[in-house]
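Only this structure's heavy atoms are used, side chains among them; waters, hydrogens and symmetry mates stay out. Chain letters run A, B, ... following the sequence lines, proteins first and then strands; every chain starts at 1.
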Amino acid sequence: MASIKKPAVLHPNLRPNAIGLTMRDYEGAMSTLCAGCGHDSVTAAIVRAFYELDTPPHMIAKLSGIGCSSKTPTYFVSGAHGFNSAHGRMPAIATGANAANRALTYIGISGDGDSLSIGLGQLCHAIRRNLNMLYVIENNGVYGLTKGQFSASADVGTKSKKGEANRQSPIDPVMLALTLGATFVARSFSGDKAQLVPLLKAGLAHRGFALIDVISPCVTFNDHEGSTKSYLHTRKHLLQLVQADFVPPAREITADYDAGSTVNVTLHDGSNVRLSKVERDYDPTDRRAVFASLQQRQGRGEVPTGLLYVDKGSGDVHDMNGTSDTPLAQVPYEKLCPGSAALDRLQEAFR
Amino acid sequence: MASIKKPAVLHPNLRPNAIGLTMRDYEGAMSTLCAGCGHDSVTAAIVRAFYELDTPPHMIAKLSGIGCSSKTPTYFVSGAHGFNSAHGRMPAIATGANAANRALTYIGISGDGDSLSIGLGQLCHAIRRNLNMLYVIENNGVYGLTKGQFSASADVGTKSKKGEANRQSPIDPVMLALTLGATFVARSFSGDKAQLVPLLKAGLAHRGFALIDVISPCVTFNDHEGSTKSYLHTRKHLLQLVQADFVPPAREITADYDAGSTVNVTLHDGSNVRLSKVERDYDPTDRRAVFASLQQRQGRGEVPTGLLYVDKGSGDVHDMNGTSDTPLAQVPYEKLCPGSAALDRLQEAFR
Amino acid sequence: MHQNRVVRTNDFALKLANVNGTGSASANGLMMQAIFRMGIPVSGKNLFPSNIQGLPTWYEVRVNKHGRTARALDYDLIVAMNAETYARDVKEVRSGGYLLYDSTWPLDDELLARNDITFLGVPLARMVNEIFNNSRERILMKNIAYLGALVALLDIDMAIIDHMLEEKFSKKKALLESNHKALRSGHDYAIDNFDCPLPFRLEKMDATGDKILIDGNTATALGCVYAGATVAAWYPITPSTSVMDAFKQFCQDYRRDKETGKNNYCILQAEDELAAIGMVIGAAWNGARAFTSTSGPGISLMNELIGLAYYAEIPAVIVDVQRTGPSTGMPTRTQQGDILACAYASHGDTKHILLFPASPDECFELSVTAFDLAERFQTPVFLLSDLDIGMNDWVCPRLKWDDSFRPNRGRVLSAAELEALPKFFRYSPEDADHVAARSLPGVHSKGAFFTRGSGHNKLGGYTEIPDEYQEVVDRLARKHRAAAKAVPAPVIRKQAGATFGIITVGGCDLAVREAIDELAERGVIADYLRVRGFPFGDDVEAFLRSHDRIYVVEQNRDAQLRTLLTMETSVEGVKEKLKSVLVYGGFPLSSRHVVDAVTREARPGPAPLAAAAAVARKEG
Amino acid sequence: MHQNRVVRTNDFALKLANVNGTGSASANGLMMQAIFRMGIPVSGKNLFPSNIQGLPTWYEVRVNKHGRTARALDYDLIVAMNAETYARDVKEVRSGGYLLYDSTWPLDDELLARNDITFLGVPLARMVNEIFNNSRERILMKNIAYLGALVALLDIDMAIIDHMLEEKFSKKKALLESNHKALRSGHDYAIDNFDCPLPFRLEKMDATGDKILIDGNTATALGCVYAGATVAAWYPITPSTSVMDAFKQFCQDYRRDKETGKNNYCILQAEDELAAIGMVIGAAWNGARAFTSTSGPGISLMNELIGLAYYAEIPAVIVDVQRTGPSTGMPTRTQQGDILACAYASHGDTKHILLFPASPDECFELSVTAFDLAERFQTPVFLLSDLDIGMNDWVCPRLKWDDSFRPNRGRVLSAAELEALPKFFRYSPEDADHVAARSLPGVHSKGAFFTRGSGHNKLGGYTEIPDEYQEVVDRLARKHRAAAKAVPAPVIRKQAGATFGIITVGGCDLAVREAIDELAERGVIADYLRVRGFPFGDDVEAFLRSHDRIYVVEQNRDAQLRTLLTMETSVEGVKEKLKSVLVYGGFPLSSRHVVDAVTREARPGPAPLAAAAAVARKEG
Ligand SMILES: Cc1ncc(C[n+]2csc(CCOP(=O)(O)OP(=O)(O)O)c2C)c(N)n1
Ligand SMILES: Cc1ncc(C[n+]2csc(CCOP(=O)(O)OP(=O)(O)O)c2C)c(N)n1
Ligand code: SF4
Ligand code: SF4
Ligand SMILES: [Mg+2]
Ligand SMILES: [Mg+2]
């Protein structure tokens, strides 16, 4: 009887990681997305990233809004707490969650509709707060779940399935994030797992807001000829500007490399991101330079990918707030209640 | 008995303009803002701009959100229709109004709270649509009407009246607009009427979304020492990058000028904006160059003002939509209703 | 229980269990349309998942010569094309019924273990694999193949199907070819292997000649076009999206100026629902007829600005195609759960006008009414449709249009009228409806007015003075009450000897009317009233007064219509009179739910039907 | 009507008419505090505009030895410092009363044209201009000067004022100096020119020794601190802003870790209310006690996510300091207009828990309760305060705290409990409250759960199956009903021989109790009930049952509490029993409104008071 089965996320090997878990332990429920949906590849990359980072599943909080992309947290790390919230509201919910427990690793999955239309304001303000989380936009240029309307990331001139051309200028999450002072900005492609996995790991290790804009084609509504978010078009125009290698804290950086073409960034947790640049003059730590270079390339219709900008300097919400190291949700009540004596003293001021 | 009276907006002369109206005809109700509030100066500049543009008051639609700044439409052009709407929602309401009647001149007045916090998403999307309106942000770095909380435009390190320093990175409406593809981006200062008036006129004449970020100090909650939005601080760091002169359609551009330091932009209605640049190499029509230059200067703590970027090329909402020239609100019903015959024909398809 | 020895024509129900994204929808729709063209009353209900591809989806078809086409709850035939739900589907075949399945691979016996039904195995996969090579085509054509079998089993008019295929694929000969092949193979297999047709079958009649097949969202869009709406603002959301899809299509067909080629409409895809309603308010403020379409979550997001439109008295038409709440709920399931959320939308004291269509033809009619009421009363008006009405094809009477119709734009002052006025005041003087005249921007500077959602007096000026504030909000309350005379009258069906009443709303109509007939057949006589508008008018009050026991049938958990009827009418003891029948599982209402609930209570009367009771437990 | 020949001590009302932004607030507050310190029951109501500087503002002080300090409607003395409102203010002095004005410039006669009141001219401007040079100082000190005059006219204890000034300006000697000068000059002028004190005057008593002077928002903030709230998210809005200002202050004082200097709290100024409630939900989902404070417009914007918290069963505390709606309405005026908007917030079938404090001390008490209920029932809880309670200083009993209090965190599974479970299911098994245990992120992977606002079954899995969906929403309905036993009991005051009942809520308390006393003095005996929580418990039902006629006194136009009482109780004929007394002009309730409304109807009983009737027309 007809029924399109999709393979559960692949697990090439069952070798346990440092905490004794296999890749399978990082998988989730079977995907209910369309066969060939870019989002499923992102899911697979996320599974591998967590597996390789040896993250204890229950220390992961995975959040999303609403959309096909926002469904994907169901498909990875079933051992983690998840929150499939409301359309465009994930950034605020993640902010509150993070405020309550700074000890967890936060990953948010969103779509271009969820993040750039209804959720744009919240995304921008989460960036401003430098909320400590990895924020992945599975960007397909359309509203998949509502069947193919243009999203705000649709390029001028890109064609809908019906052949209509979009005329409004797109919102580019990468440029937007750079303008708003984001501290970790990357772009990738669901079809390029080799690039995506280390980016995800770096983004998870980064303290602060890490944004990864992943071009993730919608095979059902936006993979046709004339779409600038199709597999074909993306492959053709994609250009890896900076190749990121993630080196976990323990491991030390061996092998000498060409200083001019490589930058090493040490993150708060001691891990290192080694950035090999395609162009010598591209400096992923100089916001202004990055801006100029990206504008130029995108002006030429290129799709620059990689870890485009990183700044490990600035503090996150908790640094700004001076929050105690113990997660607020775990501070014992005794420490929170000033008690009756204090209340009596205080009330002298109310006379 | 005590009662702080504020002078009605000044009207130096009562000379009638081309349509026989005096400056007084462009005034509004008496301001109820604090004496010395920057917003009142912006109001005065708006009165003069409309007066000099000879705009028939009833052809003006003035809209706003909620805030002290959003109260100001009451204080100019009482002969115009006004809409003091809801907090952060003016862009959407202006979009609908404009869709219904493209023949009016639209001016929206907002504040940094109204536009950059609750209204950020709507502002960004109005820019994307290149909605044909002049959008003025009376930017004082605080929520005035709610008594002085930091707004999203507060600079890092700026101090509240209580002496607290802001730690979140600001949202700069100018940079944001440039990133989103805005077609007219300017910054000015409520204290610089000479600069503000021509900017307002150019913005009103521009077809598309014209954003003017006006630093407009809040004397009651953000004009103290340590505030980067105070009169003092703004005067000290303000730097006029491009001086704009507005030349109405009729009048012809006489007087030769140094081509290198001056650019002339002819707007859709045939009026001209003549931009005299402080720096020869600054090109207000080259988005990328503008970006680079502004980032550099603002990095140095300067506050560049003037008509920073203009692009008269791209079409507005109606161009994209191919809307009829007759305002939709005025298209006779006969033209809108397909009638019974068409309905009968159509229903053959429903069998 | 039906006798299935005897032949039953034009009176049966079937259910097709498929996997979504496999093209079954078009095959199933084709069948339903064919039956419609055979002149037989029919309904088709698409029970689809909130997903694009790969999850279970069902299509229910009910054929009934008397036009009783509300959802049926037991099925004479089930076409089981989905392995995942097969076990569940088999159970739903009524005893004595049939199950059609793909016999390409042998089924394990326990899946065939029902000896009270007949299994019809058709090797669909094998058949299409023999005919077609392309795998996508094989998937699609399998649906046409079972359709072929059904043509034979149910006596569907093959000529009609052929004709429809030709219409559909006139430009795609190859596809037409494939469809024919698949159709025949299924048909021939059935003829050769089963004794066709089955005891329940179709037979041409002419009950649909004056009817059309249309979904509510399309009809709503058409109504908006005919009402003269020029500005539409929306944000996509199931199940309302097709309202705008259709509106756009119709505008492209009817609203492009012949001479100039320019568009006499503007559709704005907003960034969210807060923006969508804002755009509608802005456009209406400026004199255009404007509307938005959304569903529950959108209504929640529009709350603040709905209050602005209410208080500043700006017309706005809001189409709410209801789905199952709360929160995201079940986006592809139906419900009537937004009644209170709409009636009292926004903080503070607010009350709105609601319209309740029961069918696509009423969607057309009432969407036109919505604009007239919104402009006449200068206030938001909600058109409360739902997923069942909005997204399913219904057989309805042809839509009629009176070319002499002219929209009621309400009290709007012209330039001349403004010129003539000594001075214009926005909120006075009021007319019999307690409405004051408004002026539009750009018309005359004497009409200049500063609209605000903050405190204002009857002259339109800003105020913080209690009695000035009250004078205005008190008028708003009177204005809302005045609308009771203007909203569409309820549909009332009285019966001699009725001992009680049943009140319902919207899409419950067919099922409730069927229930009333069934009850009558059992000697339980009820009067019927279906509300079509809020605030409630005199005839609703009269009906409440003239019955001591009234069942309120609605599709939500909290008896929202009952609350409205209780609080917003002045009938002595109304609360005690009203008993609720609530069905809110997400599938359309069936007469069984009502019959059972009533018979369970209504004395004197027969005992509840076991089946119905079971059903009620399961779904009611 | 008062006899003003005889001396009246500790029983009068005065009103000060000022211009906002001139520093009058602190002078007026000082006076109120002084009276409080004299041991005399007093209330001060600040009636300020939605503006920062230059518009009319009033401050009303009522002194009453019996503690009847609800708003008074006629004034023994008015201090008219605002030219703009002078004409209006003069009218409000009760016949036989006094008016104090600035006689620096002669007033035109028609402004003095009332021969039934006494005009007290004090050349305030001239006096301060003689003493001070700086213009700002002149403006400020004028307020202190009239305060000086009042000290003499009303017999305010000068020593107390002196003491307060010293407290206030201990660090600003110069300012202290100026204040003393201004105070004396006003005082001495009054002594020299009028026969002080006036017939109505103050006299020390000891009715406030065990009391404090506090506003509701400060008390609410304090309650949140004591409840153990660690995360607060908000967006500024009048009149709720001071809740967060106070919470921040208290946290800085009590929540900074002694050793580490780190903060045991996190206050997030959100970008808007949609984000604020989202942050609260996220924090609560993660196990923190979290809350937001807002007002009407914010509630509207929170609608969608409130439904998410309701359906996904996440605790959330929402403080709604109500202001006058609809829309922006009158931001600095009070009302009780969000009762229904909160009770049924969000689309679909939803119902929430509401708490109604009547005074600052109850704000403290009930804000603690709010967190316990939110966590016990895993759902949003609204604390419905209002501008009058929240922003005015009230005399209330000292706040008490029981150090043995431990928060009720509801059913939350520990790592050990999770470890012991065979398998964790989020929505079953349910306890007597119909609540299931939740697990928190980061505790144990066995507790891992995927929270969603979409359809789910009792195990927590995604579902679109009707009966699975219903099983969960039906439990939610039962859960809400179960909360009736848990919300704070109503306050009931019965009287022998009562012929009817009065039910009220929140800030109406004082005025209604005063009205009941006044009515009793007229032989009209009523029982009293004040609801403190929704859903309603047995004692509310019992009260409804045991009275045939009940007045529901509330501050909104649409009788929102009456609607809740009607629909959410099971009392026979409840709707017909309930009659409304509605006062919603934006100023706090006065006993007159109630006495008049009741006497107008209540038979037997005396005729309505003319004055009251007038008042009711003007404000009621
Ligand atoms: C408030 C609200 N409005 C609208 C919707 C309908 N809706 C669901 S998903 C979606 C857009 C999804 O687009 P995107 O975020 O790009 O995700 P994708 O499906 O493309 O991966 C919309 C509009 C909703 N769920 N909630
Ligand atoms: C939905 C909503 N939330 C909050 C408020 C309260 N509010 C009124 S004005 C304002 C901020 C105004 O700041 P800004 O836009 O910068 O204007 P300014 O007063 O500084 O000129 C806020 C938060 C509101 N009116 N509506
Ligand atoms: S519709 Fe598009 S985005 Fe959604 S699952 Fe299918 S392919 Fe993916
Ligand atoms: S508070 Fe600030 S912004 Fe508002 S009116 Fe006064 S000075 Fe202007
Ligand atoms: Mg998308
Ligand atoms: Mg501001």
Side-chain angles (χ1 to χ4, degrees), chain C residues 49-50 274 295-297 299-301 303-304 306-308 310-312 324-333 335 337-338 340-341 344 346-351 452-455 464 466-467 469-470 473-474 477 556-558 560 563 566-567 572-576 584-587 617-619, chain D residues 49-50 274 295-297 299-301 303-304 306-308 310-312 324-333 335 337-338 340-341 344 346-351 452-455 464 466-467 469-470 473-474 477 556-558 560 563 566-567 572-576 584-587 617-619:
Chain C
S50 176
L274 292 93
S295 191
I299 296 295
S300 282
L301 290 173
N303 254 259
E304 187 195 12
I306 288 168
L308 171 65
Y310 170 82
Y311 190 36
T324 303
S327 194
T328 299
M330 299 193 291
T332 60
R333 299 289 186 249
Q335 207 174 58
D338 298 341
L340 285 180
Y344 301 129
S346 208
H347 60 280
D349 289 305
T350 58
K351 257 184 216 184
R452 49 167 65 88
S454 45
E464 293 181 351
D467 39 6
Y469 157 84
Q470 265 180 240
V473 295
D474 289 349
N556 59 65
R557 183 195 69 185
D558 291 342
Q560 299 186 24
T563 296
T566 304
M567 296 316 304
E572 182 73 20
V574 60
K575 185 188 176 193
E576 290 67 22
Y584 48 95
F587 287 150
R617 258 197 310 289
K618 190 175 150 304
E619 294 195 0
Chain D
S50 176
L274 293 93
S295 191
I299 296 295
S300 281
L301 289 173
N303 253 259
E304 188 195 14
I306 288 168
L308 171 65
Y310 170 81
Y311 190 36
T324 304
S327 193
T328 299
M330 300 193 290
T332 60
R333 298 290 186 249
Q335 207 174 58
D338 298 341
L340 285 180
Y344 300 129
S346 209
H347 60 280
D349 289 305
T350 58
K351 257 183 216 185
R452 47 168 65 87
S454 46
E464 294 181 351
D467 40 7
Y469 157 84
Q470 266 180 239
V473 295
D474 289 348
N556 58 66
R557 182 196 70 185
D558 292 341
Q560 299 186 26
T563 296
T566 305
M567 295 316 303
E572 182 74 21
V574 59
K575 186 187 176 192
E576 290 66 23
Y584 48 95
F587 288 150
R617 259 198 310 289
K618 190 173 149 303
E619 296 195 1

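Looking at C:S50, the atoms closer than 4.5 Å to chain D (heavy atoms on both sides) sit in the backbone and in the side chain alike. With a 4.5 angstrom heavy-atom cutoff, C:Q335 touches chain D only via side-chain atoms. If you measure heavy-atom distances from C:L274 to chain D, the contacts under 4.5 Å come from the side chain alone. Proximity to chain C (any heavy atom under 4.5 Å) is restricted, for D:E576, to the side chain, taken from C-beta onward.
Ranked by heavy-atom pairs shorter than 4.5 Å toward chain C, the options D:G586, D:P331, D:G455 are led by D:G455. Heavy-atom pairs under 4.5 Å with chain C were tallied for D:A312, D:G453, D:G337, D:A477; the largest tally goes to D:G453. When the candidates D:S327, D:G296, D:G325 are compared by the number of heavy-atom contacts under 4.5 Å with chain C, D:S327 comes out ahead. Interface summary for chain D: among C:I299, C:T350, C:V574, the most heavy-atom pairs under 4.5 angstrom belong to C:T350.
Rounding to the nearest 0.5 Å places CG of D:D474 at 3.5 Å from OH of C:Y584. To the nearest 0.5 angstrom, D:T328 atom OG1 is 7.0 Å from C:L308 atom CG.
Partner of C:M567 under the side chain to side chain contact (heavy atoms under 4.5 Å, CB included) criterion, chosen from D:D558, D:T566, D:L340: D:T566.
Judged by distance alone, with hydrogens and angles left aside, the side-chain atoms of C:S300 form no donor-acceptor pair with the main-chain N or O of D:S346 at under 3.5 Å. D:D338 places a side-chain N or O within donor-acceptor distance of the main-chain N or O of C:G348, the cut-off being under 3.5 Å. Side chain of D:R557 to backbone of C:V473: a donor-acceptor contact under 3.5 angstrom is found.
When all heavy atoms of C:Y469 and D:P326 are compared, the closest pair comes out as OH-CD, 4.3 Å.
Residues passing the ring pair (Phe, Tyr, Trp, His ring centres under 6.0 Å) test with D:Y311, sequence neighbours excluded: D:H456. With sequence neighbours left out, C:R333 forms a salt bridge (charged side-chain N to carboxylate O under 4.0 Å, His left out) with D:E464.
Checking D:D349 against C:Q560 by side-chain atom types alone, a donor-acceptor pair falls below 3.5 Å.
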